[in-house]
A.B. asks: 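Below is one structure. I have some questions about it.
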Amino acid sequence: MKIKSQLNQIIKDALDSANIETKEDISVSDATKPEFGDYQFNGAMKLARTLRRNPREIASDIIKEINTTTLISKVEVAGAGFINIWIDNSWLSKELTKIIDDKRVGVGVVADKKRIVVDYSGPNMAKQMHVGHLRSTIIGDTLANLFRFLGHDVIPQNHIGDWGTQFGMLIAYLEELEEDNNRQNLQDLEQFYKDAKVRFDKSQKFKDKAREYVVKIQQGDSHCLKLWREFIDISLGHCEEVYSKLGVKLTKDDVRAESFYNPMLPKVIDTLKDRGMLVESNGAKCVFLENSNTPVIVQKSDGGYLYATTDLAGLWFRANELKVDRVSYVVDARQSEHFKQIFTIAKRANMVPDNVKLEHIAFGTMMDKSGRPFKTRDGGTVKLIDLLDEAVLRAKETIKDRDSYSDSKDLDRVAKAIGIGAVKYADLSINRESNYLFSWDKMLSFDGNTALYMQYAYARIASIFRKYNQELNGKIVISDELEHRLGLMILKFEDTLLKASEDGYPHIITSYLYDLVTLFMKFYENNPILKDNIDRDTQISRLLLSKLTANTIKKGLEILGIEVVDKI
RNA sequence: GCACUCGUAGCUCAGCUGGAUAGAGCACUCGCCUUCUAAGCGAGUGGUCUCAGGUUCGAAUCCUGACGGGUGUACCA
């Protein structure tokens with residue numbers, strides 16, 4: 001339910017009726033406290049200046065004209081000229097009852113459907129996925145889910161790193177191992193890379209071969225290309241294992257590798273040249289942007305291309321071949337300058353039309369407890385697969401003594417949902433732009449704003465329904481303050497999702513879910529449902545309210561890529 | 001050097017299209033189970049929102065500067 005836009009319209013109508021003209025955006029905001037109602041409109045105080053009138057007088061003129069026959073039950077002027085707005089209980093009851101069986105929990109589909117590329121994950125094929133890839137992967141997947149749910153046409157793109165000098169070394173080594181009929185090593189790419197490097201450093205003959213193979217791949221030599229494809233395939237297989245554990249929806253079909261853009265690179269240079277943007281400096285082909293002395297290099301003095309060139313080709317492809325309206329790059333904040341540069345260049349060179357929204361969904365670095373970038377005890381990178389396995393193991397350890405599980409398979413399933421959910425939620429629940437402090441203790445303590453708190457609430461509701469175990473027909477009747485707040489919160493789901501999708505902030509969704517669940521827990525403590533002496537209508541209404549809460553939690557977590565379970 | 005970014009309770013974080021006494025969780029103190037899952041709920045302790053100016057009826061939020069942390073900065077991605 002889009003509540004805010006309806007309220008804004010009511011306020012606008014009231015201003016018209018009161019003959020108050022304004023150019024400013026009319027927008028209500030959430031009330032800062034329950035005693036100030038559900039929403040507030042603070043515009044009267046802004047209007048006071050231009051109208052040269054007392055803000056309280058303006059406010060009272062406005063509230064006289066506010067339509068209180070539908071969703072608003074009461075308005076009042078308070079303080080310096082605030083207008084406090086209460087939402088009507090019978091309206092709430094009616095709207096909530098309408099969406100009891102709605103799979104979308106009252107969330108509509110956007111009117112202006114966009115085609116959106118979400119570029120995320122982007123692992124390097126030369127190495128195994130490590131914790132550095134976690135944030136891009138899960139934030140990107142969440143945004144893709146969110147956009148899709150809201151009705152947009154989403155094209156996920158996994159821009160894997162499958163090109164570069166290190167692949168000469170890797171395939172040369174792969175070839176040697178195959179001759180020895182030994183590919184065990186590829187189980188661990190990290191180790192494979194190290195072994196290859198040792199071989200590279202030790203043997204001049206191998207070194208020469210590696211360099212020769214780099215050139216050969218680029219020239220399209222069939223033997224080397226075959227080895228290269230084989231290697232990429234294996235490496236991608238590792239990634240898919242991680243995606244599957246993580247519950248991330250990326251597939252092979254979403255892969256649009258770096259190498260895919262190779263044929264387009266000369267055209268990028270030509271385009272920039274045609275537009276008169278290309279400058280040669282110290283043998284390299286560059287684009288100089290104002291406010292910066294350092295150029296963006298698009299072609300090296302030796303003729304090689306750089307990642308700026310590839311990204312420009314990617315932008316061109318997405319705008320002209322995929323014909324998208326928006327491109328969201330979910331990439332580490334350290335690359336913000338790079339994106340600023342290529343976005344500027346792409347637009348200036350008309351490689352991307354002006355109306356296409358290009359955005360860098362930047363995120364901070366993952367830190368350990370001491371505030372340093374996250375590493376293993378011996379200073380190496382933490383493999384993502386190991387981290388996920390550990391999360392599940394730790395989750396299992398904390399829940400195994402509860403008596404909710406019929407067998408070990410059951411326990412495994414729940415442990416997986418909780419462990420993986422904990423990792424994802426911990427990351428998604430903080431503002432993506434901040435550096436993120438990774439702590440097992442925190443995410444697996446299962447207290448506060450964590451995945452488990454949501455999953456627990458869901459399981460409690462499921463438990464109520466197991467106990468009730470009857471047909472459920474009837475309507476919701478909001479009859480006290482807690483029900484009012486809970487019911488309204490459920491209806492705010494759509495406004496929340498729309499806000500989160502605007503600039504791509506998943507933590508807006510987690511904050512909402514946390515508020516929702518906190519309210520539900522209070523409601524649940526104070527409003528008995530299946531206990532004695534509860535009349536039938538009240539019981540049905542409370543059950544339905546619980547059901548809607550569960551539906552909202554489930555849908556919200558689903559967007560975040562987190563599973564719910566019926567028992568914990 | 002220049003650019004970007006962050007600085008809110010002991011710790012981890014919300015809040016930042018300017019609005020009413022700045023909010024959570026953890027930690028600490030205290031209360032609530034003859035159990036609709038207590039992994040819960042309630043109450044309390046804890047703040048010169050880094051500092052100094054400015055704009056404003058009103059600033060954690062906007063602007064300027066200082067201090068402190070992080071990051072980036074010509075042929076890696």
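Per chain, numbering begins at 1; letters A, B, ... match sequence-line order.
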A.B. asks: Taking B:C4 as the reference, what is the distance to B:A66 when you measure between their P atoms (whole Å, please)?
C.D. replies: 13 Å

A.B. asks: Using the purine O4'-C1'-N9-C4 or pyrimidine O4'-C1'-N1-C2 torsion, is B:C33 syn (within 90° of 0) or anti?
C.D. replies: syn

A.B. asks: Using the C1' atom as the point on both nucleotides, what is the distance between B:U21 and B:G7, in whole Å?
C.D. replies: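 The answer is 25 Å between these two C1' atoms.
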
A.B. asks: Could you identify the nucleotide paired to B:A9, looking across every strand shown and requiring Watson-Crick or G-U wobble geometry with both distances under 3.5 Å?
C.D. replies: none

A.B. asks: Within the 3.5 Å criterion, strictly below it, is a donor on A:Tyr468 or A:Gln539 matched to an acceptor on the partner's side chain?
C.D. replies: no

A.B. asks: Can we say A:Asp427 and A:Arg135 salt-bridge, meaning some charged N sits less than 4.0 Å from an Asp/Glu carboxylate O?
C.D. replies: yes

A.B. asks: OP1, OP2 of B:C41 versus side-chain N and O of A:Tyr453: anything below 4.0 Å?
C.D. replies: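 It does, given that an N or O in the side chain of A:Tyr453 lies less than 4.0 Å from OP1 or OP2 of B:C41.
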
A.B. asks: Distance between the C1' atoms of B:U48 and B:G25, in whole angstroms?
C.D. replies: 25 Å

A.B. asks: Please report the distance, rounded to the nearest Å, between CD in A:Glu525 and C1' in B:C36.
C.D. replies: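 Roughly 11 Å, once rounded to whole Å.
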
A.B. asks: Can you name the one residue among A:Asp566, A:Leu530, A:Leu543 that meets side-chain contact (heavy atoms from CB on, under 4.5 Å) with A:Phe465?
C.D. replies: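 Of the listed options, the one satisfying the test is A:Leu543.
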
A.B. asks: Is any N or O donor-acceptor pair between the side chain of A:Thr310 and the base of B:A77 shorter than 3.5 Å?
C.D. replies: no

A.B. asks: Rounding to a whole Å, what distance do you find between A:Lys531:NZ and B:C33:P?
C.D. replies: 11 Å

A.B. asks: Take atom CD1 of A:Ile508 and atom C1' of B:C16, then tell me their distance rounded to the nearest Å.
C.D. replies: 12 Å

A.B. asks: Measure CZ/A:Phe167 against P/B:C76 and give the value in whole Å, please.
C.D. replies: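 It is 16 Å, rounded to the nearest whole Å.
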
A.B. asks: B:C4 pairs with which nucleotide, Watson-Crick or G-U wobble, both distances below 3.5 Å?
C.D. replies: B:G70

A.B. asks: Is A:Phe82 stacked on the base of B:A20 when the test is centres under 5.5 angstrom and planes under 30 degrees?
C.D. replies: yes

A.B. asks: Does A:Lys492 make a cation-pi contact with A:Tyr512 (under 6.0 Å, within 45 degrees of the axis)?
C.D. replies: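 Judged by the rule, A:Lys492 and A:Tyr512 form no cation-pi pair.
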
A.B. asks: Could you tell me the separation between the OH atom of A:Tyr512 and the C1' atom of B:A24, rounded to a whole number of Å?
C.D. replies: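 Between C1' of B:A24 and OH of A:Tyr512: 18 Å.
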
A.B. asks: Kindly say if A:Thr510 contacts the phosphate of B:A14, meaning a side-chain N or O under 4.0 Å from OP1 or OP2.
C.D. replies: no

A.B. asks: For B:U12 versus B:G19, give the span between their P atoms, rounded off to a whole number of Å.
C.D. replies: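 It comes out at 26 Å once rounded to the nearest Å.
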
A.B. asks: Can a donor-acceptor pair under 3.5 Å be found between the side-chain atoms of A:Asn84 and the base atoms of B:A20?
C.D. replies: yes

A.B. asks: A:Asp368 has an atom CG; how far is it from atom P of B:G70, in whole Å?
C.D. replies: 14 Å

A.B. asks: Could you tell me the separation between the CD1 atom of A:Ile11 and the P atom of B:U17, rounded to a whole number of Å?
C.D. replies: 19 Å

A.B. asks: Could you tell me the Watson-Crick or G-U partner of B:A20, where both distances fall under 3.5 Å? Say none if there is no partner.
C.D. replies: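 In the structure as shown, B:A20 has no Watson-Crick or wobble partner.
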
A.B. asks: Provide the distance between the two P atoms, one in B:A52 and one in B:C57, to the nearest whole Å.
C.D. replies: 23 Å

A.B. asks: Write down the distance separating the P atoms in B:C67 and B:U55, rounded off to the nearest Å.
C.D. replies: 24 Å

A.B. asks: Is A:Ser463 near enough to B:U37 that one of its side-chain N or O atoms lies under 4.0 angstrom from OP1 or OP2?
C.D. replies: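 Answer is yes, contact under 4.0 Å.
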
A.B. asks: About how many Å separate CZ of A:Phe493 and CG of A:Leu498, when rounded to the nearest 0.5 Å?
C.D. replies: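 If I round to the nearest 0.5 Å, the distance is 10.5 Å.
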
A.B. asks: Does the structure show A:Tyr456 stacking with B:G40, if we require the centres to be closer than 5.5 Å and the planes to be within less than 30 degrees of parallel?
C.D. replies: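 No; by the centre-distance and plane-angle rule, A:Tyr456 does not count as stacking on B:G40.
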
A.B. asks: Checking all strands, does A:Ser301 fall into the base, sugar-phosphate, or nothing category for heavy-atom contacts under 4.0 angstrom?
C.D. replies: base

A.B. asks: Report yes if a side-chain nitrogen or oxygen of A:Tyr436 is closer than 4.0 Å to either non-bridging phosphate oxygen (OP1 or OP2) of B:C13; otherwise report no.
C.D. replies: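 No, because none of the side-chain N or O atoms of A:Tyr436 sits under 4.0 Å from OP1 or OP2 of B:C13.
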
A.B. asks: Could you measure between the two P atoms, the one in B:A20 and the one in B:U5, and give it in whole Å?
C.D. replies: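 It comes out at 26 Å once rounded to the nearest Å.
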
A.B. asks: For RNA chain B, whose closest nucleotide is more 5', that of A:Asp302 or that of A:Glu337?
C.D. replies: A:Glu337

A.B. asks: If I pick the P atom on B:G15 and the same atom on B:C6, what distance separates them, to the nearest angstrom?
C.D. replies: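 About 12 Å, rounded to a whole number of Å.
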
A.B. asks: Does B:A77 have a Watson-Crick or wobble partner in any strand here, with both distances under 3.5 angstrom, and which is it?
C.D. replies: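 None - no nucleotide pairs with B:A77, as no candidate has both distances under 3.5 Å.
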
A.B. asks: Between A:Tyr468 and B:C36, do the rings stack, that is, sit under 5.5 Å apart with planes less than 30° off each other?
C.D. replies: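 According to the criterion (under 5.5 Å, under 30°), no, A:Tyr468 does not stack.
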
A.B. asks: Determine the contact category for A:Asp566: base if any of its heavy atoms lies under 4.0 Å from a base atom, sugar-phosphate if only primed atoms, P, OP1 or OP2 are that close, otherwise nothing.
C.D. replies: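 Base, at least one base atom sits under 4.0 Å.
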
A.B. asks: Tell me what A:Ala78 touches on the nucleic acid: a base, only sugar-phosphate, or nothing, going by heavy atoms under 4.0 Å.
C.D. replies: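 Base, at least one base heavy atom under 4.0 Å.
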
A.B. asks: Using purine N1 to pyrimidine N3 plus N6-O4 or O6-N4 for Watson-Crick, or N1-O2 and O6-N3 for G-U wobble, both under 3.5 Å, which nucleotide pairs with B:G31?
C.D. replies: B:C41

A.B. asks: Is the closest side-chain donor-acceptor distance between A:Ser429 and A:Thr510 under 3.5 Å?
C.D. replies: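 Side chains of A:Ser429 and A:Thr510: no pair found under 3.5 Å.
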
A.B. asks: Going by side-chain contact (heavy atoms from CB on, under 4.5 Å), A:Ile508 matches just one of A:Thr496, A:Leu497, A:Leu513. Which one?
C.D. replies: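 So the option named by the test is A:Thr496.
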
A.B. asks: Verify the contact: side-chain N or O of A:His338 to OP1 or OP2 of B:U73, cut-off strictly under 4.0 Å; return yes or no.
C.D. replies: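 The answer is no; no side-chain N or O of A:His338 sits under 4.0 Å from OP1 or OP2.
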
A.B. asks: Can you tell me the distance, in whole Å, between the NZ atom of A:Lys442 and the P atom of B:G25?
C.D. replies: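 Roughly 13 Å, once rounded to whole Å.
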
A.B. asks: For B:C51, give its Watson-Crick or G-U wobble partner with both distances under 3.5 Å, or none.
C.D. replies: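 When the pairing criteria are applied, B:G65 turns out to be the nucleotide that pairs with B:C51.
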
A.B. asks: Is A:Gln335 touching bases, backbone alone, or none of the nucleic acid, heavy atoms closer than 4.0 Å?
C.D. replies: base

A.B. asks: Would you say A:Asn84 and A:Tyr39 are linked by a side-chain donor-acceptor pair, where the criterion is simply a distance under 3.5 Å?
C.D. replies: no

